[in-house]
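Notes to accompany the following structure.
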Amino acid sequence: MLSSITHSSTLSILLYPLSPKPGCCSSRKLNVRTHPWEKSVEKSVKLRTMVVGCKIDNQEMGFQASERLYLGMDFGTSGARYALIDKQGTIHAEGKREYPNYMKEDSLDWALSWKTTLFSLLEDVPVHLRPLVSSISLDGTSATTLIIDSKTGEPLARPYLYNESCPDALPLVKSIAPINHTVCSGSSTLCKLVSWWNNDDSDKKSTMLLHQADWLLWLLHGQLGVSDYNNALKVGYDPEADSYPDWLLSQPYAQLLPTVKAPGTSIGHLKGDIRTQFGFSEDCIVCTGTTDSIAAFLAARATKPGKAVTSLGSTLAIKLLSTTRIEDARYGVYSHRLDDKWLVGGASNTGGAVLKENFSDEQLEKLSEHINPMEASPLDYYPLKSVGERFPVANLKMEPRLHPRPESDVEYLHGILESIARIEAKAYMLLKDLGATQVDEVFTAGGGAKNDKWTKIRERVLSLPVSRATQTEAAYGAALLALKGFQ
């Protein structure tokens, strides 16, 4: 077994924290003032409700001096969340932020937006709980890539987003990688690296590749060039061999690749200036992170082969715990290592972002009430926000299909929800056909888990038991990684 992979006992701690104390925690609103941590922070960044403290029999429960808490942050496609837990897995505080829209030339300055949000979340952690935080970890969107200056850490180009494709680099990547390897997809991290390498004329001697999670964690610990083997998978890292393969190391851009550690590995202490500014403890450590969909899987605690987690956020991501590793770029299928098993799956471009383009949150809630989930919709859509699909079909030219639109908004919403469920069913069937362990139960994470009518539609279409995960947010899984890194 790989030296960097945790043993099953550690995995049990990670996935099975002790049951929360009865009656703890209760939700209440906390009004926190929004102050800029530096001039770039906008006061308009939105603050959301948090869960703070524990109550038993309606009595506020104080913390012991020895109480330790673990902070996880999730940087998704449209916003970020945090969760603060104790070693039993009880949530003591949580909250979310939407990314501020900063413009740089003619496009959004995503790096500045993420950086601003990171420090806004730290500020949102209740002041009296910050000294109790022992470790921090976070997750980011898979294959979101930054090329940075290896001396300063500043981005040298705009970030390549998770769903962005670089077809110009695909022929070259396919010529060096094994057939149907994970990197043989236009949206892979390696394709983004090769595209930048071939099209940028700047001096490449002092450059480095980092993933979104790596870069944000660097802002906290200050050690450039550290990644985790979940994020590094799509740049070509081999989690089974626990190394970069020779075919990748022989390339001229291999010098840009970061050092890779297991998710939830302690990197170093939180930077002194950040500790001082926000009031975190001197011994607070920062740990390697993971991808958003894996963090959601960890949060759900689906620990037996055949158990799966569908993350219904802006996009649809699937993770199935399998005894067999599956890799096939033709369908956007790849596997992440989890102890002696594999998280098999992929990510589709369908999902909640399409719903939000057509309906407000209030409309989604009200219209869903009138849907009969036991009746199949006759509408056959392929809901995409833009051209291109990754999984279960890898087709860069796939067009969105959301017509014809019926007069009834209820029927239209029903058709979209059912069509996304069909894509999900096709994905699980594909994994089985490729040799993965057959799915026998699906847990749901992300915002879509709240829609009970959609859950019933998916149960009918999948012919499987579908339920909402006990914890549905990836930030909770990131907090579990922080707990793991401290132990």
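When a residue number appears, it is its place in the shown sequence, counting from 1.
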Would you please test Lys115 and Trp215 for side-chain contact (heavy atoms from CB on, under 4.5 Å) and show each step?
-> CA-CA 9 Å; Lys115 181 178 180 179; Trp215 187 73; 4.2 Å; yes

I'd like to know if the side chain of [X] and the backbone of [Y] have a donor-acceptor N/O pair within less than 3.5 Å.
X      : Y      : result
Ser150 : Ser206 : yes
Thr276 : Gly272 : yes
Thr288 : Ala262 : yes
Ser311 : Gly313 : no
Ser188 : Val183 : yes
Thr182 : Lys234 : no
Asn199 : Ser195 : yes
Thr265 : Lys261 : no
Arg130 : Phe278 : yes
Gln212 : Thr141 : yes

Would you confirm whether the ring centroid of Tyr229 sits within less than 6.0 angstrom of the ring centroid of Tyr237?
->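 Not close enough - the centres of the two rings lie 6.0 Å or further apart.
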
Do Tyr70 and Phe486 have ring centroids that are under 6.0 Å from one another?
->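 Phe486 vs Tyr70: aromatic centres under 6.0 Å.
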
Hey, does [Y] have a side-chain heavy atom less than 4.5 Å from the side chain of [X]?
X      : Y      : result
Leu321 : Leu343 : yes
Leu210 : Ile147 : no
Tyr160 : Trp196 : yes
Leu220 : Leu122 : yes
Leu132 : Arg68  : no
Glu282 : Arg275 : yes
Leu338 : Leu298 : yes
Ser322 : Lys341 : no

Approximate separation, where rounding is to 0.5 Å, of [X] [atom1] and [Y] [atom2]:
X      : Y      : atom1 : atom2 : result
Ile285 : Ile267 : CD1   : CD1   : 9.5 Å
Ser187 : Leu396 : OG    : CG    : 7.5 Å
Leu121 : Tyr82  : CG    : OH    : 8.0 Å
Leu138 : Leu118 : CG    : CG    : 7.0 Å
Ile136 : Leu71  : CD1   : CG    : 5.0 Å
Ser266 : Gln487 : OG    : CD    : 12.5 Å

Work out which heavy atom in [X] is nearest to a heavy atom in [Y]; give both atom names and the distance.
X      : Y      : value
Ser314 : Thr77  : OG-OG1, 2.7 Å
Gly268 : Gln223 : CA-NE2, 3.9 Å
Ala295 : Ala478 : CB-N, 4.1 Å
Ser142 : Asp292 : N-OD1, 3.9 Å
Thr152 : Trp218 : O-CH2, 3.3 Å
Ala482 : Cys287 : O-SG, 4.2 Å

What's the verdict on side chain to side chain donor-acceptor pair (under 3.5 Å) for Arg390 and Tyr162, showing C-alpha distance, side-chain angles and the deciding distance?
-> CA-CA 11 Å; Arg390 298 176 288 163; Tyr162 67 99; 5.7 Å; no

Within 6.0 Å of [atom1] in [X], more than 12 heavy atoms from elsewhere:
X      : atom1 : result
Lys204 : NZ    : yes
Asp273 : CG    : yes
Lys356 : NZ    : no

Using the ring of each side chain (for Trp, its six-membered ring), is Tyr99 parallel, tilted or perpendicular to Phe75, with breaks at 30° and 60°?
->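 Ring orientation of Tyr99 relative to Phe75: parallel.
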
Can you see whether [X] engages [Y] through a side-chain donor-acceptor pair at a distance of less than 3.5 angstrom?
X      : Y      : answer
Tyr476 : Arg301 : yes
Thr290 : Asp228 : no
His92  : Asp86  : yes

Answer yes when Arg330 and Asp328 have at least one side-chain N-carboxylate O distance shorter than 4.0 Å, and no when they do not.
->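 Salt bridge present between Arg330 and Asp328.
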
Ion pair check, Lys192 and Glu164, cut-off under 4.0 Å |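 A salt bridge is absent here (no side-chain N lies under 4.0 Å from a carboxylate O).
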
side-chain contact (heavy atoms from CB on, under 4.5 Å) between Val194 and Asp168, intermediate numbers included | CA-CA 9 Å; Val194 171; Asp168 59 297; over 6 Å; no

Under the side-chain contact (heavy atoms from CB on, under 4.5 Å) criterion, do Leu248 and Tyr253 qualify, and how do the steps go?
-> CA-CA 9 Å; Leu248 180 57; Tyr253 41 78; 4.1 Å; yes

Does the side chain to side chain donor-acceptor pair (under 3.5 Å) test come out yes or no for Thr144 and His211, once each step is laid out?
-> CA-CA 6 Å; Thr144 295; His211 307 89; over 6 Å; no

Could you check Arg81 against Met73 for side-chain contact (heavy atoms from CB on, under 4.5 Å), going step by step and ending with a plain yes or no?
-> CA-CA 6 Å; Arg81 297 173 179 267; Met73 291 177 279; over 6 Å; no

